[in-house]
Structure formats: structure tokens, C-alpha cells
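Nothing here was measured: the structure is a model prediction, and the numbers come from that model.
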Amino acid sequence: MRIIYYIISLCFLNCSSFNQKDWNESILNKLKQAAVDIQRHEYSGKKDFGKKFLDQNEMEIQSLVPRNWGDARVAMDSLRRIFFYTNDSRISSKMEDLYWFLDIDKFIRDEDHKLVYEAYLITRQFDKAKKFRGRLHKMRAKDLSVVQINDANLNLKKPNLMNILSETQLMIQQFPINEFSGILIIASLNCYWSISALEELSSKKGQLDLKSNEIIVLAPQRDKDLVSMNKWNKKHPSLPLHLVYDEALYADLDFNNVPKFYFYKSGTIVDSISGWNPDENPMNSFLKSLRKIH
């Protein structure tokens, strides 16, 4: 009887291993294909595609157990590409799991620890970022600035933004956009046209007769270079950049195509313009839209 039981147990284990192998291969194939497919969409559609893929496959992705470093590398690279377009918090924790798997076998790339840390910052998981940094070897940890955020006990389900106090300090505050009157600009220092727009507006802000609370500049959630943003704010104190806390809370705004200008009156978008090509004299369009709310 013991021999028969042993044979049955071996068969069960082999079948289980085979099923786990098939399961992992199925998930890896989906991830690889999604990482390729997301590139085929227009920029504005990449995020929607990635979110839909995660909605449909979240449980499978979380259950993925790499068999070797090759599987882990494929999964990490695929999730990295999907995360780039989605900024989805469901990916960041899995990226950390894969990081430690790769670290065991010493197949870590130089930038992997930065990718995981920045994914936590972008998804506003500051506690997890701090914990991850604390587990790293000190030679890797020194590459990562400790970003601190004040505990404001705010309602994080309402539109919020973060003031950039320094290269490592952020202060969160609520933004009552449903009452806002003025100009809301989505801009990124990674975008030439955004910089061109902000510099021109900063130099002419006095002529536009705008109060400081009537023009708000929001950097997209994916922007993580606090050093550059802090330098900008010191150089242009009349037109500081704020960092979005959670783009999902701003359903009516486009954070993908920057710069973007929204003209509000009592919480309602009256007009909007996209882009800032100096050759097309964009200030004329800006002033035309501004007159609709003044």
C-alpha cells in the first residue's frame, strides 16, 4: 500500500509541476504580447489598453512564480513597459517581487533598483518605497533619495496635488477643482514645448493680470525628477510646478499630451488648447481663451 501511495504522490507532484509550468508560460506569453501590443496604440490609447489588460489578468500576474532568472527577466521587462504607460500601482509590488528573485541569482541590472523605487514613488506608495530602500545594499540605496511627504490626513479620494518643498520633500494639499476659476496647465519639464510655454508665460504673467491662485501648473504623475522641478520653482517663483498626486482623480484632464491648457470658470471648463509651437504664435490663442473667463 505504501508503494502504491508513493507512486500516486509522485504522479500528483509531477502533474502539479507540469500545470504550474504551463500556467507560468501562459502568463509570460500574455505579458510579452501585451508589452508589444501596447506599443502599437496611439499614445492616448496606450494607458487604456494597459489598464484593460491588467483588469483582465491581475490575478494571473500576481500568481506568477518564475522558474528561473530568464522568466523573471522577461516578466520584469514586460511589466516595466506596461507600467511606463499606465502608472498602475498593481504592477509596482510585483516588480519588487521579481527584483528580489533576480537578486538571489545575481541577474540584477544596474537600473533595476531605481525602476522599482521610482514605481513606488510614482504610484504614491511612499511607505513601500522607504521599506524597499531600507532592504537594499547600501551601495544601491545611496543612489536613491529619501522622499518625504507630510501627513496631512486629507481625503485622498478627492483631487490633490503636491507642493515641491525641496528635492526630497513634498507637501500634499487638496485642490478644489470643482470651485476653481482660472487656468490649469498640464506641463512637463521633459517636454520642450512645455518649457517654452512656461517660460513665456512666466515672463509675461504680470501683463496678463493674473493672480497667483488663478494659474496652476500641474506636472503629470509620471514625472519624478524633483531636482529639476525644485530648480524651476526657485527660478520661477511666480509660476511654480506642482506634482499630481493621482491622475485618476482628474477624470476630465489629459495628462498624456502636454502642454495642455484648461480655462476654468466656477469649476467648469470653458475652453482648452493643446501644444505651444512658438512658430504659430500660441499666445494669441491663449489670450483669446483667457478672455472667455475674464
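Here the CZ atom belonging to Phe263 is positioned 9.0 Å from the NZ atom belonging to Lys292, to the nearest 0.5 angstrom. Rounded to the nearest 0.5 angstrom, Asn257 CG and Ile186 CD1 are separated by 11.0 Å. The line from CG of Asn277 to OH of Tyr192 is 8.5 Å long, rounded to the nearest 0.5 Å. Summarising the geometry, atom CD belonging to Glu167 is positioned 11.0 Å from atom CE belonging to Met229; distances are rounded to the nearest 0.5 Å. To the nearest 0.5 angstrom, Ile38 atom CD1 is 12.0 Å from Phe83 atom CZ. If you take CD on Glu214 and CZ on Phe180, they are separated by 7.5 Å, rounding to the nearest 0.5 Å.
When all heavy atoms are compared, the tightest approach of Ile82 to Ala34 is CD1-CB, 4.0 Å. Counting all heavy atoms, side chain and backbone alike, Ser289 lies closest to Ile273 at OG-CG2, 3.7 Å. The shortest heavy-atom contact between Leu98 and Pro66 is CD2-CG, 3.6 Å. Taking each heavy atom of Leu243 and Pro220 in turn, the nearest pair found is CD1-O, 3.4 Å. Leu144 approaches Arg133 most closely through the heavy-atom pair O-NE, 2.8 Å. Counting all heavy atoms, side chain and backbone alike, Gly50 lies closest to Thr86 at CA-CG2, 3.6 Å.
In terms of modelled atom types and a separation under 3.5 Å, the side chain of Ser166 and the main chain of Thr168 share a donor-acceptor contact. Although no hydrogens or angles enter the test, the distance criterion places no donor-acceptor pair under 3.5 Å between the side chain of Lys47 and the main chain of Asn256. Between the side chain of Ser78 and the main chain of Ala75, no donor-acceptor pair closer than 3.5 Å is present. Here the side chain of Asn230 pairs no donor or acceptor atom with the backbone of Leu226 at under 3.5 angstrom. Remark: side-chain polar atoms of Gln221 are paired, donor with acceptor, to backbone N or O of Ile122 under 3.5 angstrom. Side-chain atoms of Ser194 come within 3.5 Å of backbone atoms of Ser188 as a donor-acceptor pair (strictly under, hydrogens ignored). Counting only distance, with no hydrogens or angles, the side chain of Trp232 and the backbone of Leu239 share a donor-acceptor pair below 3.5 Å. Counting only distance, with no hydrogens or angles, the side chain of Asn150 and the backbone of Ile172 share a donor-acceptor pair below 3.5 Å. A donor-acceptor pair is defined here as one N or O able to donate and one able to accept, closer than 3.5 Å; no such pair exists between the side chain of Arg67 and the backbone of Glu25. Counting only distance, with no hydrogens or angles, the side chain of Tyr120 and the backbone of Lys130 share no donor-acceptor pair below 3.5 Å.
Between Ile183 and Ile293, some side-chain heavy-atom pair lies under the 4.5 Å cut-off. The shortest side-chain heavy-atom distance between Trp69 and Ile104 does not fall under the 4.5 Å cut-off. Contact of the His113 side chain with the Ile108 side chain is not registered, since no non-hydrogen atoms from C-beta on lie closer than 4.5 Å. Val217 places none of its side-chain heavy atoms less than 4.5 Å from the side chain of Leu201. Ile149 places none of its side-chain heavy atoms less than 4.5 Å from the side chain of Met171. Side-chain contact between Ile164 and Pro240 is absent, with no heavy-atom pair separated by less than 4.5 Å. Counting only heavy atoms from C-beta outward, the side chains of Met162 and Asn160 never approach each other to under 4.5 Å. Residues Tyr117 and Asp143 are not in side-chain contact: their nearest non-hydrogen atoms beyond the backbone lie 4.5 Å or more apart.
Using the six-membered ring where Trp is involved, Tyr250 and Phe175 have ring planes that are tilted, between 30° and 60° apart.
Residue-environment remark: CG (Asn155) exceeds the threshold of 12 foreign heavy atoms within 6.0 Å. Within a 6.0 Å sphere centred on CG of Asp127, heavy atoms belonging to other residues, nucleotides or ligands number 12 at most. Sparse packing is recorded around CG of Asp110, with 12 or fewer heavy atoms of other residues, nucleotides or ligands lying under 6.0 Å away.
Cluster membership for Trp276 and Leu287, using ILVMFWY side-chain heavy atoms within less than 4.5 angstrom, is shared. Trp193 and Phe286 are not part of a single hydrophobic cluster, where members link through side-chain heavy atoms under 4.5 Å apart. In the hydrophobic clustering of ILVMFWY residues, with side-chain heavy atoms under 4.5 Å counting as a link, Leu102 and Trp100 come out together. There is no path of hydrophobic side-chain contacts, each under 4.5 Å, that joins Phe101 to Ile61. Residues Val227 and Leu189 are members of separate hydrophobic clusters, defined by side-chain heavy-atom contacts under 4.5 angstrom among Ile, Leu, Val, Met, Phe, Trp and Tyr.
At a cut-off of 3.5 Å, with distance as the only test, a side-chain donor of Ser92 or Gln125 sits close to an acceptor on the other residue.
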Dump the intermediate steps for side-chain contact (heavy atoms from CB on, under 4.5 Å) on Met283 and Lys204, then the final yes or no. CA-CA 10 Å; Met283 186 58 76; Lys204 297 179 179 178; 3.9 Å; yes
Where do Phe53 and Asp37 land on the side-chain contact (heavy atoms from CB on, under 4.5 Å) test, with the steps shown first? CA-CA 10 Å; Phe53 171 78; Asp37 290 345; over 6 Å; no
Using side-chain contact (heavy atoms from CB on, under 4.5 Å), reason through Asp223 and Asn190 one step at a time and then give a plain yes or no. CA-CA 8 Å; Asp223 282 15; Asn190 297 320; 3.5 Å; yes
Yes or no on salt bridge (charged side-chain N to carboxylate O under 4.0 Å, His left out) for Asp225 and Lys231, after CA distance, side-chain angles and deciding distance? CA-CA 10 Å; Asp225 187 357; Lys231 286 181 179 178; over 6 Å; no
Carefully, step by step, assess Arg135 and Asp103 under the rule salt bridge (charged side-chain N to carboxylate O under 4.0 Å, His left out). CA-CA 12 Å; Arg135 293 182 62 189; Asp103 188 53; over 6 Å; no
Salt bridge (charged side-chain N to carboxylate O under 4.0 Å, His left out) between Lys52 and Asp55: does it pass, once the steps are laid out? CA-CA 5 Å; Lys52 184 177 181 181; Asp55 289 342; over 6 Å; no
Test log, rule side-chain contact (heavy atoms from CB on, under 4.5 Å), inputs Asn163 and Gln173: CA-CA 8 Å; Asn163 296 316; Gln173 69 177 61; 2.5 Å; yes
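With sequence neighbours excluded, the residues satisfying ring pair (Phe, Tyr, Trp, His ring centres under 6.0 Å) with His41 are Phe49.
In summary, Arg73 and Asp112 engage in a salt bridge, as defined by a charged side-chain N under 4.0 Å from a carboxylate O. Salt-bridge check for Asp48 with Lys51: failed, with every basic side-chain N at 4.0 Å or more from each acidic carboxylate O.
For the salt bridge (Lys or Arg N to Asp or Glu O under 4.0 Å) with Glu60, the lone residue among Lys94, Lys30, Arg90 that qualifies is Lys30.
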